[in-house]
Asks: 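Please see the structure below; I have some questions.
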Amino acid sequence: MHKKTIFIHTLSILFLLFGAKVSFANPVFEFSSESSTVIGSVKEIDSSLDQTDTIASVMEQESPSVLYVSKNGTNQDGLSWDTAWNELNQIDWTSVGPGDKIIIDGGELGQSMTYTSTLEPASSGTDDLPITIQLSEEEGRNGTAIIFGGNSIPLPECGQLEWDESELNEAGSYGMVFRDGVSNIIVDGTRRSGFVIHGWGRGGITLDPDRTDNQVDNNTRNITLRYFKIYNNGSIERAPDLPPSGNEENVGPDLYYPYHGSAGIKLAGTGHKFEFLEVHDNAADAIQSNFTSPADGIFNNMDDISISNSWFYNQRAHSGVDNSPEEEVCTADDVSGCDESGAPSMSAEYHRYPAEPVARREAFNWCTHNDGIQIYSADDFNNLTIERSIMGPNLMNALILGDRGEPTKTTAWVNNLMMNDVVITRFTNNALGMNNAQPNVGSNWQINQTTVYGHFNKENMASFSLQSGGDQTEHLVSNTVNVFGRSEFPDGNVGFSNNCEFNMYTGSIGGQNENPQFVNVNQSADIFEDDLTVDFATVFLDNYTPTSPNCVSLGSRVASVGQLFGWEEYEVIEVAAVEEPPEEVVVEATPVPTAEPTAEPTVVPTPEEVAGVSEPNDEDAVDTSAEAVASEAAVEQQARNSLFDSINITPDEVPLLIGLGFVMIILSLLLALLIFFAWQVHKGAYD
C-alpha cells in the first residue's frame, strides 16, 4: 500500500505540472499602448473549471489620469481637448487624484489663452504621487496661459491724487488659492512666464495657513510653483495727505496708496519649492508671510522653503510728483516735508537725490513695503534656501528674514539660511537682515557666492544686518562681493572668508578691498520701465561679473538676468596680471548682446557647460548615418519576422516565451528532485 500511495502522488504531481506547462505555453495578454499595466487575462487552465479570477484582477493598477482645461472645450468631463473644462473653476476635483495631471491650453505659441477664474486645487497628491497642473507642451496649445483677475489698470503709485478704481472693484481676490491643507501639488508653466497671474484684487497667490493652532496638521505642504510671472496684483487704500506737523488745518485731499498687505505670493506652510518665478510690481512684497495672530499665540507655520532661478524686482517708477500741500518742502535746507507717513515726498532721503525727478524716482509702491521677501508671523522658521536668483532692482528691502513686531509678541526669525549665487542690487533701504533682538534671532546663516550692490548716494543703508543669539559663530559670509552700503553685526558671532568689498561706508565683511570692476553696471541712474507690457529683462542689462584680479571668482555666478534666463552665457574672465585698482568706482556701461528671450524652457547653464565643447553640426553626415542604420535595422527586422512566421509566433511574444522558458527549467529541476525523492522512498521500502 505504501508503494501504491507514493506512485499515485507522483503521477498527480506530474499531471499538475503538465497542465501548468500547457496553460503557460499558450498565454493571451493585451498591453495598453500608454501603459505597461497588464489589462488582459490568461486562458482558462481547464474549460471544465469555473475559473473566474484573472490576472487582471490581481495585477491591474489604475493608471493616473490626464485631464484637460481649454477655453475651447465643451466643459463636460475634461477627458479630452474636445470635452475639456473651459475655466479653472470648472475643474471637477472629485475626479482628480494622486498622480493625475491636468493640462492647460495656452493657445498658439507666441500668443495666449486667458482664464478669468481662480485656480483653487481641492484635491491633494501624495509625497510619491503629486498632482501636476501643467501648461500644454503640445504644438498649437503651448502659448501662454494667463490667469487674469479683472484689473488691467496699473496700481496707483504712493500718494497718487487720482486713480480709476472701477476695474479693481470688480476684480477677483487671488489668482491661485491653496487652503484647507491641500498638499503635494506641482504647478508648472514649463517655460519662462508660461503661467501669468495679474490683475487680482488681493494678491497673486495665497497659501492659506492653519490659523487655529500652532501645529502643521492642517497646513499646506509641498507646493511647487514653476515658471510663473506674477505682477500688478493687490488692493489699494485711501488716506488723507497729512503734513509732518499733523496740523489738521493743512490737511490735503485723500490720496491713493497701494495696500501694504497685498503681495505677489502670501506664504504659509512647509516644504514648498518656488522655481523660475518672475514677481514684480505688485502692491507690496514679492513674497510675504500670510498673517495669523501672533499676539494670540497663533503663528504661521513655515519651514523648509526653497527659492531658485527667480527674479524679484519693481519695474514701474514713482512719477516724482509731490501732491503735498504747498507748505511742505523737502530740500537739503528744509526737510520738514520729507515724511513717509502722509505726504508722498519719496522718502526721508528725498533731498539727497538729484534735482531732476527722472533721476531721483523710486518704485511706485515704495511706501508699502515693496520688499523681495519679508518673513513675519512665523515664530521659528527653519530651513530657507535661496539659490541662483536676483533680488532687485528697485525693492525697498531685498530680504527681511525676521521681525520682532512689538516687544510682547515676537513674530518671526529664520534659522538655517542657505544662500548661494544670489545678486541683491539697487535696493532702497537694506539688502539682507532681520529686525529682531536677542534671544529671538535667527542662527546659522550661510551666505556664499553672493553679490550685493547698493546705492552710491545712500550711505546710511545697510548691505548686511546680521544679529546673533549664541556664543559661537552662527553666521558665515564667504566668497561675496559687496559694493556701496554698510555692514552691521551688532552681536558679533559672524565669520568671514574670502570676500571682496569696495566703497563701504561703514562696517566690513573682511577680505580684499578692491574695485570688482563689474562687466556692466549703469551707475548714473536707477533703471525703470513704466510700461508693464515691456519685457524688463531686455531693459535691465546690469552684469555683475567681477573682472578685477582679486574678485574675479567671487560673488554670484549668475551675474545677470540674461544668465538667469539662459539666453546669455556666463562670461569667462581671463586675468593676465594683478593691477592696482582705481581710486574711485568708474564702471563704464559696455554693450551687452540682448538677444531676445526664446520660448524654450529657461535652464541656466553651468560654467562647466559653457566651457564644454559643442556637438558637431554636420547635417548631411548625420542624415546619411541615420539612413544606413535604419536600412540595416530594417533588414534585421525582416529576418526576425520571417523566423517568427515560420514558428507561428509574433515578436511581442518573444520576451514572454523567454520568461516561460526559465520557469520550465525550474519546474523540470523540481520534477527531477521529486522523482529522485520518490525513488529513494520506493527503494527504502524494499530495503
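Hydrogens, waters and symmetry mates are skipped; everything else that's a heavy atom, side chains included, is used.
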Asks: Below 30° counts as parallel, above 60° as perpendicular, anything between as tilted: where do the rings of Phe148 and His198 land?
Replies: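 Tilted: the ring planes of Phe148 and His198 meet at 30° to 60°.
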Asks: Looking only at the side chains, is there a donor atom on one of Glu167 and Ser152 sitting less than 3.5 Å from an acceptor on the other?
Replies: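 The answer is yes; a qualifying pair exists.
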Asks: Go through it in stages, so that I can follow the logic: the residues are Asp92 and Thr94, the test is side chain to side chain donor-acceptor pair (under 3.5 Å), and I'd like the CA-CA distance, side-chain angles, deciding distance and then a yes or no.
Replies: CA-CA 5 Å; Asp92 178 11; Thr94 63; 2.5 Å; yes
Asks: Angle class for the Tyr313/His280 ring planes (parallel below 30°, perpendicular above 60°, tilted otherwise)?
Replies: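 Plane angle under 30°, so parallel.
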Asks: Closer than 4.0 angstrom, basic N to acidic O: yes or no for Lys71 and Glu87?
Replies: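 Glu87 and Lys71: salt-bridged.
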Asks: For a quick check under 3.5 Å, do Asp188 and Thr190 share a side-chain donor-acceptor pair by atom type?
Replies: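 Distance-only check fails for Asp188 and Thr190.
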Asks: Counting distance only, does the side-chain N/O of Asp285 pair as donor-acceptor with the main-chain N or O of Asp371 below 3.5 Å?
Replies: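 Checking the backbone N and O of Asp371 against the side chain of Asp285, a donor-acceptor pair under 3.5 Å is found.
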Asks: Scan Ile147, Thr206, Asn233, Leu119 and name whichever one has a side chain to side chain contact (heavy atoms under 4.5 Å, CB included) with Tyr174.
Replies: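 Testing each of Ile147, Thr206, Asn233, Leu119 against Tyr174, the sole residue satisfying side chain to side chain contact (heavy atoms under 4.5 Å, CB included) is Thr206.
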Asks: Angle between ring planes, Phe291 versus Tyr376, binned at 30° and 60°: parallel, tilted or perpendicular?
Replies: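 Judged by the thresholds at 30° and 60°, the geometry between Phe291 and Tyr376 is tilted.
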Asks: Would you please say whether a donor-acceptor pair under 3.5 Å links the side chains of Ser80 and Asp82?
Replies: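 Note: Ser80 and Asp82 side chains miss the donor-acceptor criterion.
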Asks: Looking at residues at least two apart in the chain, or sitting in another chain, which of them share a side-chain hydrogen bond (donor to acceptor under 3.5 Å, both in side chains) with Arg202?
Replies: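 Listed in chain order: nothing, the list is empty.
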Asks: Tell me, which pairs form a ring pair (Phe, Tyr, Trp, His ring centres under 6.0 Å) where one or both residues lie in residues 79-129, sequence neighbours left out?
Replies: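 Checked against ring pair (Phe, Tyr, Trp, His ring centres under 6.0 Å) - neighbours excluded - the pairs reaching residues 79-129 are Tyr68-Trp81.
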Asks: Has Asp535 got a side-chain atom pairing as donor or acceptor with Ala537's backbone, closer than 3.5 angstrom?
Replies: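 The answer is yes, because a donor-acceptor pair under 3.5 Å joins these two groups.
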Asks: Between Arg316 and Asp281, is the closest basic N to carboxylate O distance under 4.0 Å?
Replies: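 Not counted as a salt bridge, because no side-chain N and carboxylate O are separated by less than 4.0 Å.
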Asks: Using distance only, find each side-chain donor-acceptor pair of residues 414-422 under 3.5 Å and give its atom names and separation, not counting sequence neighbours.
Replies:
from	atom 1	to	atom 2	distance (Å)
Asn415	OD1	Ser443	N	3.0
Asn415	OD1	Ser443	OG	3.4
Asn415	ND2	Asp380	OD1	2.9
Asn415	ND2	Asn382	OD1	3.0
Asn416	OD1	Asn444	ND2	2.9
Asn416	ND2	Asn383	OD1	3.1
Asn420	OD1	Asn448	ND2	3.1
Asp421	OD1	Arg557	N	3.0
Asp421	OD1	Arg557	NE	2.8
Asp421	OD1	Arg557	NH2	3.4
Asp421	OD2	Arg557	NE	3.4
Asp421	OD2	Arg557	NH2	3.0

Asks: Quick one: CG on Leu79 to OG on Ser65, what's the gap to the nearest 0.5 Å?
Replies: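 The OG atom of Ser65 is 7.5 Å from CG of Leu79, to the nearest 0.5 Å.
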Asks: Could you walk me through whether Ile373 and Ile307 pass the side-chain contact (heavy atoms from CB on, under 4.5 Å) check?
Replies: CA-CA 11 Å; Ile373 302 174; Ile307 300 168; 3.4 Å; yes
Asks: State whether the side chain of Gln563 and the backbone N or O of Ala559 hold a donor-acceptor pair below 3.5 Å, judged by distance alone.
Replies: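 Flag set: sc Gln563 to bb Ala559 pair under 3.5 Å.
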Asks: Just by distance, no angles: are the side chains of Ser289 and Ser377 close enough, under 3.5 Å, to form a donor-acceptor pair?
Replies: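 Note: Ser289 and Ser377 side chains miss the donor-acceptor criterion.
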Asks: Carefully, step by step, assess Ser183 and Ser124 under the rule side chain to side chain donor-acceptor pair (under 3.5 Å).
Replies: CA-CA 5 Å; Ser183 300; Ser124 291; 4.9 Å; no
Asks: Within 45° of the axis and under 6.0 Å from the centre of the six-membered ring of Tyr227, does NZ or CZ of Arg191 qualify?
Replies: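 The answer is no, since Arg191 fails at least one limit relative to Tyr227.
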Asks: Could you tell me whether the side chain of Asn365 and the main chain of Asn282 form a donor-acceptor pair under 3.5 Å?
Replies: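 Side chain of Asn365 to backbone of Asn282, a donor-acceptor pair under 3.5 Å: yes, one is there.
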Asks: Regarding Gln76 and Thr74, is there a side-chain donor-to-acceptor distance under 3.5 Å anywhere?
Replies: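 There is such a pair (donor and acceptor under 3.5 Å, judged by atom type) between the side chains of Gln76 and Thr74.
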Asks: For Phe178 and Thr220, which heavy atoms make the closest approach, and how far apart are they?
Replies: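 Shortest heavy-atom separation between Phe178 and Thr220 comes out as O-OG1, 3.9 Å.
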Asks: Thinking salt bridges, do Arg221 and Asp303 make one under a 4.0 Å N-O criterion?
Replies: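 So Arg221 does not pair with Asp303 through a salt bridge.
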